Amino acid sequence: IFRANPCDLRLQNGTFAPVLDCFERASSNWDVIRADAASNSADVTFIMCHGAIGQCMLLHTLGLDKKEYGKSRRYALDNCECFEFEFESDKSEYPSRWRKIDVSQTESGWRSASSSLLVSSALATSR
């Protein structure tokens, strides 16, 4: 089940959905982080977390559905990797662009957040 549809995985006799729980925690954490970042003068906010919660934060940040979890390496976050987001303003709901930085500090090219939504839609219709 996990490989095909991670959001459908249930443990503890069907009472616990680990991916959905992780997505809920990541989403609420991200909302608090964004609100705090917008209220102070710091230009950079650094977040360190494990890959699963990082991937959930990325999906939430880009406005993608939790069903995208585990569907593409494009949105995967290995432990010790980072994502960098650029917001046009503190009031922007979504970043204008993002990129991945791996453990060797190799940066991927900047990706448009709006194109990520299009890629996600195309992936969903091709399944």
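Throughout, numbering of the chain's residues begins at 1 and tracks the sequence. The structure displayed is predicted, hence computed values, not measured ones.
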Spatial distance of atom CD (E86) from atom OG (S96) [nearest 0.5 Å]: 5.5 Å
Between A76 and E81, what is the shortest heavy-atom contact and its length? O-OE1, 4.2 Å
Let me confirm one number: the OH-CG distance from Y69 to L59, rounded to the nearest 0.5 Å. 9.0 Å
Using a 3.5 Å distance criterion without hydrogens, assess whether the side chain of K71 forms a donor-acceptor pair with backbone atoms of A4. yes
Using 0.5 Å steps for rounding, measure from the CD atom of E84 to the CZ atom of R97. 8.0 Å
For A26 and C56, the nearest pair of non-hydrogen atoms, with its separation, is CB-CB, 3.4 Å
Verify whether the ring centers belonging to W98 and F85 lie closer than 6.0 Å. no
Is R73 salt-bridged to D78, cutoff N-O under 4.0 Å? yes
Check: S72 side chain, R74 main-chain N or O, donor-acceptor pair, under 3.5 Å: yes
Criterion side chain to side chain contact (heavy atoms under 4.5 Å, CB included) against F23, the qualifying member of K67, M57, Q55, H60: H60
In terms of the angle between their ring planes, are F87 and W30 parallel, tilted or perpendicular, with boundaries placed at 30° and 60°? parallel
Looking at every heavy atom in both I53 and R25, which two are closest together, and how far apart are they? CD1-NH1, 4.1 Å
Shortest non-hydrogen contact from L77 toward C82: CD1-N, 3.9 Å
Report yes or no: does S27 contribute a side-chain atom to a donor-acceptor pair with the main-chain N or O of E24 at less than 3.5 Å? no
